[in-house]
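Residue numbering restarts at 1 for every chain, and letters A, B, ... go by the order of the sequence lines. The figures that follow rest on heavy atoms only: side chains count, while hydrogens, waters and symmetry mates do not.
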Amino acid sequence: MPQTSSSLHLFADVLARVHGVCRALAADSSWPEGIDFSRVVVEPPRDASHGDMATNAAMVLAKEAKAKPRDLAEQIAERLRTDALIAKVDVAGPGFINLTLKPAAWAEALRTVLREGAEYGRIRGGAKVNVEYVSANPTGPMHVGHCRGAVFGDALASLLQFAGHDVTREYYINDAGAQVDVLARSAFLRYREALGEDIGAIPEGLYPGDYLKPVGQALATEHGEKLLAMSEAQWLPTVRAKAIAMMMDEIKDDLAALNIRHDVFFSERSLIETGNNKVAETIDFLKAKGDIYEGRLPPPKGAPVEDWEDREQLLFRATAYGDDVDRPLIKSDNSYTYFASDIAYHKNKFDRGFVEMIDVWGADHGGYIKRMQAAVKATTSAKGSLDVKIVQLVKLLRNGEPVKMSKRSGDFVTLREVVDEVGQDAVRFMMLYRKNDAVLDFDLAKVMEQSRDNPVFYVQYGHARGHSIFRNARAEVFPELPEDAGARIAWLAESAVERLSDPVELDLLKRLAIYPRMLEAAAAAHEPHRIAFYLYDLASEFHALWTKGRDLPYLRFIINNDADLTKARMAMVQGVVSVLASGLAILGVHAPDEMR
RNA sequence: GCGCUCGUAGCUCAGCUGGAUAGAGCAUCGGAUUUCGAUUCCGAGGGUCGGAGGUUCGAAUCCUUCCGAGCGCGCCA
């Protein structure tokens, strides 16, 4: 069970109290030993009129306690009524126990937010985890399709970090397959072009994009005409290495435009280096375990394979670990399949101490999950875990119309073009404002719009509005209200937050109190999108409260003749600002002090 | 043919890993608004959670089976 930083957050606190009561009851009523309390939860009820929190304790424990849920609920409720934090306990429905907390609980929750500041909601003590994302082939610039996985992986990594994990952000460079040889040949053509040769049209099967021209230039500058005299076998490794290096630089630049930086760039080629062949080692390792054999596979059922050749080949016994068929490791030309080096790669991750691994893949790799998880099971003796997150397609639109994308002739929309047009914040937020496995419509026109339709704007404006309120408060009531966040929080910490008593204000405080709970669940489920939705809801309640102040002057944040109340409201605004900033930071979106 | 993912309001999507009367935004309709800085706010209507079975105190959520969409299906990565 992970622990929060300086104090239990409210829901965990109440859950602990409920557990305490149940345990005491178990002892007094001599329930059987070893009852599982882990299914007992405390959560906000759907319908707020039921109270602040509800627990299912009685329903979950009824069977083992050999009691009727309603009766058990009454017994638990009776004991909870003596709790100092709880104002009201009701038993409802099939055995729900509804709790209404004393107003002081919410005031204390706000104090917790202020006390912990940017650390509010942080969890400590998580495990080491490796998040591998992007891993785009180093054969060209990144296109929009890569965007979503990049943003998702990055936000997930940040979320896990905030939830206490020791996170490594990793990029797997596919620099060993046939596609990088194609890259090398394409670059070599550009090299000849750079030396003044007329190369004509780029032949079928090579990469036509202009982005290889600088590579040709660099090769020409570096090697002059030396390479021309060599055979392909001689120049290819040199040209390939140079092209890959330059493509990776470009990719890193593209990622930097989204503020994404990996800790580790892992080369596939490094796995098959002569003298240190990890793929061969891994195959031997699996052979020794009996997970590899020579055999035949039935031909695939779907689209007919033209050159199907029924042959004896080296197979990994993936079916022993939950996959549908066994998988080949060596191609007919005796080189390793991609899968073979991927097994070695994931074993390597495990050997580096990552028991928990997360891969972020595009939707077209969905059929690959089972075999990879089978491989991780086999190579780690089921000690390692691999969660694969699939990000679905992004449909790029402009005013509802699909943006044309054709793959040929390098005529695709690059990641950079999209970021340049709509900005890093909009790209990041919108990519996260959807479940990862749902198809996403990304409308270039809509995400630029400054309206409630656009959640990016709406949330950022919430943060800016908070600062606007501070500026006004400074001008009207509190010239001493500090500009610096840390100083301001310290100054606000001693405000009379008990005076926040309007139901609308309490709702806002309740929303703030839920933040740690939401983060914990999002981290456990590997679902950063939950943060985006939470922030939208929080901003929405904040804006609503602000607007209420127009009709109901007593709800305005700044009350000129009541400095105490104004200060308490500033504390509340600070709470909102802190949490908005915290959540946006995890998503990698800026929290501006003003909108322009 | 098989596997994976998805199917929730007219549209775009949430639904906190099984909880109470399934929620937002857009759109529609009806109100409010010379505001501490917007491009706002409040309310209403709108649902067989794709269909049918099952599991249990309780299912949008788990299982089975159909229907429909997307992706994939030795040596491509």
Side-chain angles (χ1 to χ4, degrees), chain A residues 39 41 43-47 50 54 56 59-60 62-63 68-70 92-96 98 135 137 139 174 176-180 268 296-303 305 307-311 313 315 323-339 341-342 362-370 390 392-393 433-435 437-441 443 449-455 457-458 461 464-465 468-473 475-476 514 517-518 520-522 524-525 527 529-530 532-534 536-537 540 543-544 546-551 556-559 594-595:
Chain A
R39 285 175 61 214
V41 296
E43 56 190 2
R46 286 259 156 97
D47 190 336
H50 290 141
N56 59 356
M59 291 177 289
V60 170
K63 198 171 272 178
K68 287 185 191 158
R70 286 288 303 211
F96 284 101
N98 291 326
S135 300
N137 283 343
T139 53
N174 296 127
Q179 81 286 354
V180 284
E268 179 186 2
R296 290 171 189 277
L297 281 179
K301 289 283 200 301
V305 179
D307 53 348
W308 175 260
E309 172 198 354
D310 188 23
R311 66 180 179 91
Q313 55 190 337
L315 297 171
D323 199 4
D324 307 314
V325 282
D326 293 338
R327 306 291 178 176
L329 298 173
I330 302 213
K331 303 190 232 175
S332 51
D333 68 357
N334 270 331
S335 63
Y336 297 116
T337 60
Y338 180 78
F339 183 50
S341 47
D342 234 354
D364 52 341
H365 288 56
Y368 204 75
I369 298 177
K370 275 191 190 175
I390 292 292
Q392 271 293 349
L393 235 57
Y433 196 62
R434 197 109 308 180
K435 249 183 327 197
D437 52 12
V439 181
L440 173 114
D441 289 346
D443 196 310
E449 217 171 88
Q450 299 208 337
S451 73
R452 181 165 188 161
D453 287 8
N454 181 352
F457 166 78
Y458 197 66
Y461 183 55
R465 173 166 268 168
S468 159
I469 292 167
F470 292 145
R471 286 190 287 275
N472 283 306
E476 292 178 37
I514 285 177
R517 191 188 126 82
M518 181 278 304
E520 195 179 320
E527 289 184 346
H529 78 273
R530 294 192 197 183
F533 281 93
Y534 168 87
Y536 185 82
D537 289 343
S540 174
H543 288 311
W546 186 91
T547 312
K548 272 220 164 71
R550 299 199 305 192
D551 300 334
R556 294 191 178 188
F557 296 112
I558 297 168
I559 307 288
E594 56 185 324
M595 306 292 281

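Atom CZ in A:Phe533 sits 10.5 Å away from atom CD in A:Glu527 (nearest 0.5 Å).
Centre separation under 5.5 Å together with a plane angle under 30° holds for the ring of A:His50 and the six-membered base ring of B:rA20, marking them as stacked. The ring of A:Phe96 lies on top of the base of B:rA20, close enough and flat enough: under 5.5 Å between centres, under 30° between planes.
Nucleic acid contact for A:Val439: sugar-phosphate only, since backbone atoms but no base atoms lie under 4.0 Å from a heavy atom of the residue. Among the atoms of the strands shown, base atoms are found under 4.0 Å from some heavy atom of A:Pro94. Within 4.0 Å (heavy atoms only), A:Met59 reaches at least one base atom of the nucleic acid. No contact: A:Ala464 has no heavy atom under 4.0 Å from any strand. Residue contacts for A:Ala522: at a heavy-atom cut-off of 4.0 Å it reaches no nucleic acid atom on any strand shown. As judged by a 4.0 angstrom heavy-atom cut-off over every strand, A:Tyr534 is placed among residues making no nucleic acid contact. Heavy atoms of A:Lys63 sit under 4.0 angstrom from primed sugar atoms or phosphate atoms, though from no base atom. The residue A:Asp342 sits apart from the nucleic acid: no heavy atom pair falls under 4.0 Å. Residue contacts shown for A:Ala521 are limited to sugar-phosphate atoms, with no base heavy atom under 4.0 Å away. Residue contacts for A:Tyr433: at a heavy-atom cut-off of 4.0 Å it reaches no nucleic acid atom on any strand shown. Among the protein residues, A:Lys68 comes within range of no part of the nucleic acid, since none of its heavy atoms lies under 4.0 Å from any strand.
Summarising the geometry of A:Gln313 relative to A:Ile330, their closest heavy-atom pair is OE1-O, 4.3 Å, with the distance given to 0.1 Å. A:Arg465 approaches A:His543 most closely through the heavy-atom pair NH1-ND1, 2.9 Å. Residue A:His529 comes nearest to A:Arg434 through the heavy atom pair CB-O, 3.4 Å, listed as atom of the first residue, atom of the second, then distance.
When rounded to the nearest whole Å, the span between CD of A:Glu527 and P of B:rC16 equals 9 Å. A straight line from CZ of A:Arg70 to P of B:rG58 spans 16 Å, rounded to a whole angstrom. For the pair A:His365 NE2 and B:rG70 C1', the interatomic distance rounds to 16 Å; values are reported in whole Å. Rounded to whole Å, the distance from CZ on A:Arg530 to C1' on B:rC16 is 5 Å. Between the OH atom of A:Tyr336 and the P atom of B:rG74 there is a distance of 23 Å, given to the nearest Å. We find that CZ of A:Arg517 is positioned 14 Å from P of B:rG15, with the value rounded to whole Å. The interatomic distance linking A:Ile514 (CD1) with B:rA14 (P) rounds to 20 Å, in whole Å. We find that CG of A:Asp437 is positioned 9 Å from P of B:rU5, with the value rounded to whole Å.
When the C1' atom is compared between B:rC29 and B:rG72, the two are found 46 Å apart, to the nearest whole Å. Between the P atoms of B:rG15 and B:rA20, the separation comes to 15 Å (whole Å). The same atom, C1', is picked in B:rA59 and in B:rU8; the two are 14 Å apart, to the nearest Å. A distance of about 31 Å separates the P atoms of B:rG45 and B:rC62, rounded to the whole Å. Using P as the reference atom, B:rG74 and B:rC11 are 37 Å apart when rounded to the nearest Å. Remark: the separation of the C1' atoms in B:rU61 and B:rC42 is 33 Å, to the nearest Å. Going from the P atom of B:rA60 to that of B:rC16 covers 12 Å, rounded to whole Å. Between B:rG50 and B:rA44, the two C1' atoms lie 28 Å apart (nearest whole Å).
Between A:Tyr536 and A:Tyr458, the ring planes lie tilted relative to each other; the angle falls in the 30° to 60° range. Taking the six-membered ring for Trp and thresholds of 30 and 60 degrees, A:Tyr461 and A:Phe457 have nearly parallel ring planes, at less than 30 degrees apart.
For A:His529, a side-chain nitrogen or oxygen approaches OP1 or OP2 of B:rG15 to under 4.0 Å. A close approach under 4.0 Å does not occur between any side-chain nitrogen or oxygen of A:Lys435 and OP1 or OP2 of B:rC13. Dashed line: the shortest gap from a side-chain N or O of A:Tyr368 to OP1 or OP2 of B:rU5 is not under 4.0 Å.
Residues A:Phe339 and A:Leu329 are in side-chain contact: their nearest non-hydrogen atoms beyond the backbone lie under 4.5 Å apart.
Taking A:Gln179 as the reference, A:Asn137, A:Thr139, A:Asn174, A:Tyr207 meet the side chain to side chain contact (heavy atoms under 4.5 Å, CB included) condition, with sequence neighbours excluded.
Counting only heavy atoms from C-beta on, A:Thr547 has its side chain closest to B:rC41 among B:rA77, B:rC41, B:rA20. Nearest nucleotide to the A:Lys370 side chain, out of B:rU5, B:rC4, B:rC41: B:rC4. You'll find that the side chain of A:Phe533 is closest to B:rC13, out of B:rC13, B:rA20, B:rG72. Considering only the side chain of A:Ala54, B:rA20 comes nearest among B:rG74, B:rA20, B:rG19. Of the candidate nucleotides B:rA77, B:rG74, B:rU17, B:rA77 has the atom lying nearest to any side-chain atom of A:Tyr338.
Judged by atom type and distance alone, A:Asn98 reaches the base of B:rA20 through a side-chain donor-acceptor pair under 3.5 Å.
Under the Watson-Crick or G-U wobble criterion, with both distances below 3.5 Å, B:rC4 is paired with B:rG70. Across all strands shown, B:rA9 remains unpaired; no Watson-Crick or G-U wobble contact has both distances below 3.5 Å. Across every strand in view, B:rG58 sits unpaired, with no contact that passes the Watson-Crick or G-U test at under 3.5 angstrom. Base pairing analysis places B:rU17 opposite nothing; no Watson-Crick or G-U wobble pair with both distances below 3.5 Å involves it. Base pairing analysis places B:rA27 opposite nothing; no Watson-Crick or G-U wobble pair with both distances below 3.5 Å involves it.
Summary of the strand contacts: A:Arg434 and A:Ile369 both lie near RNA chain B, and taking for each the nucleotide with the nearest heavy atom, the more 5' one is attributed to A:Ile369. Comparing A:Asp441 and A:Glu268, the nucleotide of RNA chain B nearest to each residue sits closer to the 5' end for A:Asp441.
A side-chain donor-acceptor contact under 3.5 Å links A:Arg70 to the backbone of A:Gly93.
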